[in-house]
Amino acid sequence: MSEPILEFEDVDITYRTTGDSDVHAVNSASFAIEEHDYFGLVGESGCGKSTLADSIVGGLDDNGEVTSGKIRYKGEEIQDYSESEFNKKIRWKEISVIPQSSMNSLDPVMKLSDQAIEMAKYHTDLTKAEAVDRLRELFDVVGISESRIHDYPHQFSGGMQQRTIIAFSLFLQPSLIIADEPTTALDVIMQDQILDYINDLKDDWDISMLMITHDISIVFENCDSMAVMHGGQMAETGRVVDLFDRPRHPYAILLQNAFPDVRFPDRELAVIDGHPPQLLDDPDYCTFADRCPWAVEDCRRGAPDPQEIEGDADHRAWCIRADEMEDLAADHLAPATGETSILEEDT
Amino acid sequence: MSNETPVLELRSLEKYFDTSSGLFDAVKNRILGDGPSYVRAVDGVNMKLEQNQVQGVIGESGCGKTTLLRTLIGLYNPTGGELLFHGRPVSEFDKDEWKEFRRHVQIIFQDPFNSLDPKFSVRRTLAEPLEIHNMEYDDERIAEMLESVGLTPPEKYLTRFPNQLSGGEKQRVAIARALITEPDIILADEPASMLDVSTQAEILNLLNKLTDEFGVSMVYISHDLSTVSYICDTINVMYLGRVVEEAPTRTLLAEPKHPYTKALIQSIPIPDPHYDRKRPDLDGEPGDPINMPEGCRFKNRCPKRMDICDRKPLDIALEGEDDHTVACHLYYDHDEVEGDQPEPTADPASSATSAGDAA
């Protein structure tokens, strides 16, 4: 396989605080996004997934810092880039971001065409007319009428604003797009249309994507690979089908069971008790141990190392009992077997 | 059960909002001879909530589901139609009856982070509704309630303030606050949507358990069909102020009839990478609620549009299924049903009450 487009190797990210201890938001994160892959990153609020995304484009808050480990983009280490290096080499050109709330990420007092011109001014040699033309083409790509490029953001509905953001993210033809909860604020029908556009980009624009979401069903439907995070630690990474068929980290297993599936309204939803820890110390234990029904004493003795699952180097679980999970969690695995979907087209 | 009076009944309930603002618009309308233009947020909704039943209302943002909920609890006066509580129209309530009504109808809000008073301890949050309604209580009663919403041990929670609680715990306190006055009805406005998936499952399971345990009825509002299906017995699909389809949950999911319901169900992502979901062939977004099209409001997005859709579709019960109604021209024989009925929405029951109201 060719070199991954983005690679995390044992990355630690901490936030300095005015209190006694720093917040260790991300600890030994390791994963790789292959070229032309859509990669989903799931986890609950506060698990460190947005921090991780911010670190890729140098967007951490002032008190945040990558304290150890390496982030490689196309083979080059970028974790120590300065602000101007990020601006010159990475942002928009190579990696662009679709932020969480599109409603707040467009300048409300600037016409969309002017916003494109501004972006072109800082990052390209395009003239004003060329920038506007480029935006016109991109509006066509995301299905908004070209006549509306001189509108203000407030004249657009939420779904159209989100599509505008997608158009902007494509503006400098990046190789990687980071989409942070791209559809959370949208209704299901609009969400479905946006994801459809996002999916089309993969082949039309030859793009890789890091899609961050708490919605595991979106990842299962749209991504090729994925990672599950919990409490600042990686839980499991691998191909999407492997994580679905053979999840081996307790959190990944329970998370899948907690997710409602409209096909099976009678299925009992799994409940994950407790909360993730505060991460005020460097966690030298499994952060899921307190919530895990299968935790043993050893889980609290050290941060778990990744285990390859069934000899597959791409499918790894950060759990010391990963080998035993198939038996331990037998009740929670493969809940769908034996049930029939009640949806119309399936029967 | 079907013979009993429903706990809550809505008969072509309407809530319109006047969009004209200020003197200028009023004068302009007067000069031009226009009436004020209205947002018809809730436009002729019929619903019967039986004892111990959970009714779901789903729809996209702006379809009027929150307005409906606020009208149900009396925060808005309905513009038209009637709301009956245990068979009595609320428009005839006097002050004391309203107070009684508010004890029996409780609400759980979407956002647990803002719906609790930050300066109230959990004990005080739960005690206040009891004091307002002059109900006897002691710490034991509050502790019992905390236990039944899963906040154990209760002593640990009694003295806490909202900022010491997690999102899921806050929502549990909000649920306890709603249940402590022993209500007949709980109105829930997307109570799980702001929470993480694992907590969301907790709250859904809890609501499921409590509605059985306390024998309350519930109206549950959400835009997320997959969570609604876990908790509701019946689902109403709302589109731009009207209910377009109503059916028991399983029937609605398995045999959706209205093109909008079908699209909604097809849009839900399925957490299974092996499943090949057929995406709906539906474009655009709900139209403008001020200048709504005549006839069927969904017609401009509908893949099955016909000429007749310019007329308002009737709510028709499907043959052989009394509990499955759909408002779509595809599903009835127009000559047979309409005959000489001029006013399509009114069923005999509702015309009877509107006569009663006038008197």
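A note on names: the letters A, B, ... follow the listed sequences, proteins ahead of strands, and every chain is numbered from 1.
Interface remark: B:H223 contributes backbone and side-chain atoms alike to the contact with chain A (heavy atom separation under 4.5 Å). For B:I231, no part lies near chain A; criterion is any non-hydrogen pair under 4.5 Å. For B:S61, the parts lying under 4.5 angstrom from a heavy atom of chain A are both the backbone and the side chain. In this structure, the portion of B:I265 lying under 4.5 Å from any heavy atom of chain A is its side chain and not its backbone. Neither the backbone nor the side chain of A:Q256 has a heavy atom closer than 4.5 Å to any heavy atom of chain B. Within the 4.5 angstrom heavy-atom criterion, only side-chain atoms of A:H275, from C-beta onward, approach chain B.
The candidate with the highest count of non-hydrogen atom pairs below 4.5 Å against chain A, out of B:P273, B:P280, B:A263, B:G59, is B:P273. Counting heavy-atom pairs closer than 4.5 Å to chain B, the top-ranked of the candidates A:V240, A:D245, A:N222 is A:D245. Of the residues considered (A:L255, A:D187, A:L254), A:D187 shows the highest number of contacts with chain B, using heavy-atom pairs under 4.5 Å. Note: B:L264 leads B:T199, B:L264, B:T227 in heavy-atom pairs under 4.5 Å with chain A. Note: A:D196 leads A:I272, A:D196, A:L195 in heavy-atom pairs under 4.5 Å with chain B. Considering only heavy-atom pairs separated by less than 4.5 Å from chain A, the leading option among B:V197, B:I268, B:N205, B:I270 is B:I270. Interface check for chain B: of the options A:A258, A:G143, A:P260, the most heavy-atom pairs under 4.5 Å are formed by A:P260. For the set B:S226, B:G168, B:S166, B:P269, the entry with the most heavy-atom pairs within less than 4.5 Å of chain A is B:P269.
Evaluated for a side chain to side chain contact (heavy atoms under 4.5 Å, CB included) with A:P153, the options A:I165, A:L106, A:T164 yield exactly one hit, A:L106. Applying side chain to side chain contact (heavy atoms under 4.5 Å, CB included) to B:V122 and the options B:L116, B:L151, B:L146 leaves one that passes, B:L146.
The aromatic rings of A:H230 and A:F288 sit perpendicular, their planes meeting at an angle over 60°, well past the 30° parallel limit.
Under 4.0 Å is where a charged nitrogen must lie from a carboxylate oxygen, and between A:R239 and A:D314 no such pair does. Ion pair B:R70/B:D189 not flagged as a salt bridge, since none of the NZ, NE, NH1 or NH2 atoms sits closer than 4.0 Å to an Asp/Glu carboxylate oxygen. Using a cut-off of 4.0 Å between Lys/Arg side-chain N and Asp/Glu carboxylate O, B:D43 and B:R297 are scored as salt-bridged.
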(request) Start with the C-alpha distance between B:H258 and B:F298, add both sets of side-chain angles, then the distance that settles ring-ring contact (aromatic ring centres under 6.0 Å, His included), and finish with yes or no. (result) CA-CA 10 Å; B:H258 197 282; B:F298 185 61; 5.7 Å; yes

(message) Determine whether A:R248 and A:E236 satisfy the following criterion, side-chain contact (heavy atoms from CB on, under 4.5 Å), listing intermediate values before the conclusion.
(response) CA-CA 8 Å; A:R248 288 295 176 265; A:E236 193 165 353; 4.0 Å; yes

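The main-chain N or O of A:I166 is never found under 3.5 Å from a side-chain atom of A:Y197 such that the two would form a donor-acceptor pair.
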